[in-house]
Amino acid sequence: MSDDQPETPYLELLARGAPAEAYERPVLRARAEGASAARLAALERAKLLALRVRGELEGRRRREAELSALFETAHDLAGLRDLDAVLQAIVQRARSLLGTEVAYLTLNDPQAGDTYMRVTDGSVSARFQQLRLGMGEGLGGLVAQTARPYVTESYFDDERFQHTRTIDAGVTDEGLVAILGVPLMLGSGVIGVLFAADRRARVFEREQLALLGSFAAHAAVAIDTANLLAETRSALAELEAANEIIRDRSEVIERASEVHDRLTELVLRGGGVHDVAAAVAEVLSGTVEFVEAHTAPAAAVDRSRADGHAVRHGEDWIAAVSASGELFGALVLRGHPRLDPMDQRTLERAAVVTSLLQLARRSADEAEQRVRGELLDDLLDAPDREPRLLRERAARLRADLDAPHVVLAAGIDAPGAAPGAAGGAACGGGPGGVSGGVSGSGSGEPGNGPRARSAGPPPDEAADRQRLWSAATHLAATRHGLAAARDGGTVLLLPLADGEGADALARRTARQLGTAVHATVTVGASAPVSAPAARPGEVASAYAEARRCLDALRVLGRSGQGAAAEDFGFLGLLLAGSRDGTGDAARVAGFVDRTIGAVVDYDARRGTDLVRTLDAYFASGMSPARTKDELHVHVNTVAQRLERVGRLLGPDWQSPSRALEVQLALRLHGLASAVAR
């Protein structure tokens, strides 16, 4: 050992910042070299002084780091933009400077009456990160109640605070043992708690408690500043919203005035409903369309009609167009899911103007429809009219009476009304019933014809007939057909579209008229009349057939539906009647084909004997055992054939109603086959 001063090795250790355990090495080395007691004592004194100096230096460095962290936190507060980022930085710095494994911050929730975890750093447990604590629970509850910092060296052994299952489970998941908590104060109130914690037993020093308290003060200031900023932004937003509302109201009033002027101009120069829709669409910066009653959304139109206001329907707005209890249609505004109240009133005002225009057009249309009714009356009552004159009159009404047409009889069914109460013949009635009704009917508008009876129907019924006639004439005009009031209901002569059957036309007409008059409308249809102008005599017969179908629907309890004779199975053969005798065979053949045509075709293609099997089956009382004796085949063969029949005719072919039709079709098929032979 040299005679150097004993302080020399410790100065070198201090200079290079050696760890505390390195300060024992000079003493150990001197003792190993056999140094004197005085030398060893001097080295011990030098070691203690060096360790004291080292402690002072470390304390100053730690204090410098703490001050630097506090300065950075203050800098963050000065430029506060994101509260979450500031709080996260505070928690991270507290954890780093205190040397703990976890740091976290909780805030009080006055509305929920509890405390929730706001920010964590070093946490690994999802349950712990989502903890919500009741007021006064756990270590944080003790800190919040007393507004003083608390520390526990062993959380689960500390009885000074209230343990709960929820908190203990979260702490257990996180594995925490030693916890230090300091309050976040705003004025004299506690708004939360800042924690530092370790997963092992630990004693927190006074300096560490003070440091965490400083961070808590910064966190409280950050929260208070963020709240003030939020309130300021909210106040500014409210002012901006108020100014925006004022500007919007001014613009809306200007738009309303513009709409009023434009709609007034449209009415004065005779504009139509589509002109109104275009004007409103331009003002509201959307798409406005007038739709007919039968295509408008029924539920939305009903609500608008009942309330008298436009209603929202999905992304659209609907305003009903109606007057005097009759629904004309609706104005539909698209592209405005959120409509300003003033704009809503603009749409409603446009609907009122559209209603007025529709009424004006209706008055003009009614004059035209009287002419249509007179032409249809002539077809029904005077079949000897000159075809050329009929064509000329039809051409002026944009109707083509050389195309196939269907005669439809329509009537409103009041609740509880007896079948056939609206007049006309009973189901299956002949010329003395329905045809007699035809010859004794009026023409044109209900109750105003030259042959109207002096004792009219009750007021409600008369109003229903008027509405039905109005809707029917409107439908006839749009379809280039004819309509007239007759037999307490309405008769229509409508062209038949390509690929459309009389039954489909009847159902569609019942639906359209029912929607238009807001009531139950039943419609019976005739078979097509190929050329009404060339064969005007068939129109009256077709109307009698349509009336029989109408009454049959009512007798069968099918009010509100539409149907033609072919919809009634074999009953349709009776309802169809005969116009000139040439169509009877075709109707019979059509019934047979609809009923058992699949079986007949199968026999023809496969050479099977299903038709004879069916004949024998019904003749044997629907007994497979007796059928096999009749056919001289095994009973399994009968079962297989009947199974095949079921696949061809459907599973319900043996039900009473179907079985009756099948038997009748078999008889008619047999008669036709015998005649052919």
Could you give the distance from CG (N108) to CG (D114), rounded to the nearest 0.5 Å? 8.5 Å
Could you tell me whether the side chain of V190 reaches within less than 4.5 Å of the side chain of L184, counting heavy atoms only? no
Checking D198 against V102 for the side-chain contact (heavy atoms from CB on, under 4.5 Å) test, could you report, in this order, the C-alpha distance in whole Å, the side-chain angles of both residues, the deciding distance, and whether it holds? CA-CA 6 Å; D198 260 338; V102 182; over 6 Å; no
What about Y155 and H163, are their ring centers closer than 6.0 Å? yes
Assess the residue pair L475 and T509 against the criterion (side-chain contact (heavy atoms from CB on, under 4.5 Å)); give the C-alpha distance rounded to whole Å, side-chain angles, the decisive distance to 0.1 Å, and a yes or no. CA-CA 9 Å; L475 177 62; T509 302; 3.8 Å; yes
Sidechain-backbone polar pair: T172 side chain, D168 backbone, donor-acceptor under 3.5 Å: yes
For A310 versus A319, what's the shortest heavy-atom pair and its separation? CB-CB, 4.1 Å
Sub-3.5 Å donor-acceptor pair from the side chain of E24 to the main-chain atoms of E21, do we have one? no
Is R132 close to D109 at the side-chain level, that is, under 4.5 Å between some pair of heavy atoms? yes
Could you tell me whether F161 and Y150 have their ring centroids closer than 6.0 angstrom? no
Donor-acceptor under 3.5 Å (S214 side chain, A210 main chain): yes
Is it true that a side-chain atom of R95 and a backbone atom of E101 form a donor plus acceptor pair closer than 3.5 Å? yes
R160, CZ atom: more than 12 neighbouring heavy atoms under 6.0 Å: yes
Kindly compute the distance separating CD1 (I223) from CD1 (I90), expressed to the nearest 0.5 Å. 8.0 Å
State plainly whether the residues E153 and R202 are in salt-bridge range, i.e. N to O under 4.0 Å. no
Would a 4.5 Å heavy-atom cut-off, applied to side chains only, mark R118 and T106 as touching? no
Please check if the side chain of S322 supplies one atom and the backbone of L327 the other of a donor-acceptor pair under 3.5 Å. no
Between G136 and Q145, the two heavy atoms sitting closest are CA-NE2, 3.8 Å
CG on L176 to CZ on F195, rounded to 0.5 Å: 10.5 Å
Compare every heavy atom of L43 with every heavy atom of A30, then report the nearest pair and how far apart it is. CB-CD1, 3.4 Å
When you compare the side chain of P149 with that of V143, does any pair of heavy atoms fall below 4.5 Å? no
Evaluate the side-chain proximity of L107 to T115: yes if any heavy-atom separation is below 4.5 Å, no if none is. no
Criterion ring-ring contact (aromatic ring centres under 6.0 Å, His included) on F290 and F328, from CA distance to verdict: CA-CA 10 Å; F290 173 76; F328 298 113; 8.4 Å; no
Under 3.5 Å: donor-acceptor pair, side chain of R39, backbone of G34: no
Check for a donor-acceptor pair, side chain of Q208 on one end and backbone N or O of E205 on the other, with a separation under 3.5 Å. yes
Is there a side-chain contact (heavy atoms from CB on, under 4.5 Å) between L331 and E289 once you walk through the steps? CA-CA 6 Å; L331 286 181; E289 179 186 3; over 6 Å; no
Looking at S125 and D173, what are the two nearest heavy atoms and their distance? OG-CB, 3.2 Å
Going by an N to O cut-off under 4.0 Å, is there a salt bridge joining R199 and E174? yes
Using 0.5 Å steps for rounding, measure from the CZ atom of R511 to the OG1 atom of T515. 7.5 Å
Does T146 use its side chain to pair, donor to acceptor, with the backbone of L142 at less than 3.5 Å? yes
Going by atom types alone, do T120 and Q129 pair a side-chain donor with an acceptor below 3.5 Å? no
One should read off an interatomic distance between L105 CG and Q88 CD, to the nearest 0.5 angstrom, of 10.0 Å
Verify the neighbour count for atom CZ of R334: are there more than 12 heavy atoms of other residues, nucleotides or ligands below 6.0 Å? yes
Verify whether one side chain among T520 and D413 offers a donor that lies under 3.5 Å from an acceptor in the other. no
Rounded to the nearest 0.5 Å, how far apart are CD1 of I167 and CG of L133? 4.5 Å
Minimum heavy-atom separation for H309 and S304, please, with both atom names. O-OG, 2.8 Å
In the structure I gave you, are the side-chain heavy atoms of D464 and R467 within less than 4.5 Å of one another anywhere? yes
Taking 4.0 angstrom as the limit, do D302 and R305 come out as a salt bridge? no
Applying side-chain contact (heavy atoms from CB on, under 4.5 Å), run through L333 and D316 and close with a yes or a no. CA-CA 6 Å; L333 171 63; D316 304 332; over 6 Å; no
Could you tell me whether the side chain of L131 reaches within less than 4.5 Å of the side chain of Y104, counting heavy atoms only? no
